[in-house]
Amino acid sequence: MHDIGILAFVGRRMKASMALSQNGHLVRRVMIPDRILEEGTLKVDGQRASVEVRIPWYRALPASCIADVELRVDGQAAPKNSLVWTMNGRDFRLEELAETVDEWWFTTDSAVLSGDLAVEEGRTHDVEVDLHVYIPYIVTAHGVLLIEEHGRKAMEVAADV
């Protein structure tokens, strides 16, 4: 009986955090928002900024599950066509991820998200990442579960080591 009560409680909490997106997918918000951005990983290479991103789920997922991502520093968004997602030592443009089923994002590994953004060193920046990820093994009447996560941290440009 106790297990059933716990399952009912978890079910109510998940239902409360679920919503339908504009395209009709079931969306769950706020799985692990405080851990999406790795602390102290903001880097600058010329006119490109990068940050390390952690998977907002408790299981590994294939790259094809990464539906969308955005990078902003101090309110300025990196152009979508400049974004590069790096994981397992490989670089991907966002449009390449949907077809990439042979690369997995593991819970113990950070991915690197970079984009064209001019970021000045020597001060604290407001860094934001929006990440939309499909959970392929959770299918509802509205389709595959899509989680939409938002990470935000104040960071200085990390020193090269």
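The figures here come from the full heavy-atom set of this structure, side chains too, leaving out hydrogens, waters and symmetry mates. Quick caveat: nothing in here was measured; it's all calculated off a predicted structure.
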To the nearest 0.5 Å, tell me how far [X] [atom1] sits from [Y] [atom2].
{"X": "H132", "Y": "I66", "atom1": "NE2", "atom2": "CD1", "result": "12.5 Å"}
{"X": "E149", "Y": "I55", "atom1": "CD", "atom2": "CD1", "result": "11.0 Å"}
{"X": "E52", "Y": "L42", "atom1": "CD", "atom2": "CG", "result": "11.0 Å"}

Report the relative orientation of the aromatic rings in W85 and W105; use parallel for angles under 30°, tilted for 30 to 60°, perpendicular for over 60°.
perpendicular
Answer yes or no: does atom [atom1] of [X] have more than 12 heavy-atom neighbours from other residues, nucleotides or ligands under 6.0 Å?
{"X": "E96", "atom1": "CD", "answer": "yes"}
{"X": "E95", "atom1": "CD", "answer": "yes"}
{"X": "D45", "atom1": "CG", "answer": "no"}

Is there a side-chain contact between [X] and [Y], using heavy atoms and a 4.5 Å cut-off?
{"X": "T41", "Y": "S110", "value": "no"}
{"X": "D116", "Y": "R48", "value": "yes"}
{"X": "V44", "Y": "H125", "value": "no"}
{"X": "L94", "Y": "K80", "value": "yes"}
{"X": "F92", "Y": "T100", "value": "yes"}
{"X": "M87", "Y": "D109", "value": "no"}
{"X": "M155", "Y": "V51", "value": "yes"}
{"X": "I135", "Y": "L61", "value": "yes"}

Begin with the C-alpha distance, continue with both residues' side-chain angles, and end with the deciding distance and a verdict on side-chain contact (heavy atoms from CB on, under 4.5 Å) for D68 and D130.
CA-CA 8 Å; D68 194 21; D130 288 323; over 6 Å; no
Examine [X] and [Y] and state if one hydrophobic cluster contains both, with Ile, Leu, Val, Met, Phe, Trp and Tyr joined whenever side-chain heavy atoms are less than 4.5 Å apart.
{"X": "V144", "Y": "L146", "answer": "yes"}
{"X": "V69", "Y": "W57", "answer": "yes"}
{"X": "V139", "Y": "Y134", "answer": "yes"}

Closest heavy-atom pair and its distance - [X], [Y]:
{"X": "G115", "Y": "L71", "answer": "N-CD2, 4.0 Å"}
{"X": "I36", "Y": "G151", "answer": "CD1-N, 4.1 Å"}
{"X": "T107", "Y": "A60", "answer": "CG2-N, 3.9 Å"}
{"X": "P56", "Y": "V133", "answer": "CG-CG2, 4.4 Å"}

Note: with side-chain heavy atoms under 4.5 Å as the link, the other cluster members for F106 come out as W104
Pair V84, R93 - check side-chain contact (heavy atoms from CB on, under 4.5 Å), show working.
CA-CA 5 Å; V84 174; R93 295 266 177 215; 3.5 Å; yes
I'd like to know if D126 and R72 make a salt bridge, using a cut-off of under 4.0 Å between side-chain N and carboxylate O.
no
Side chain to side chain contact (heavy atoms under 4.5 Å, CB included) partners of T124, counting only residues at least two apart
A154, E156
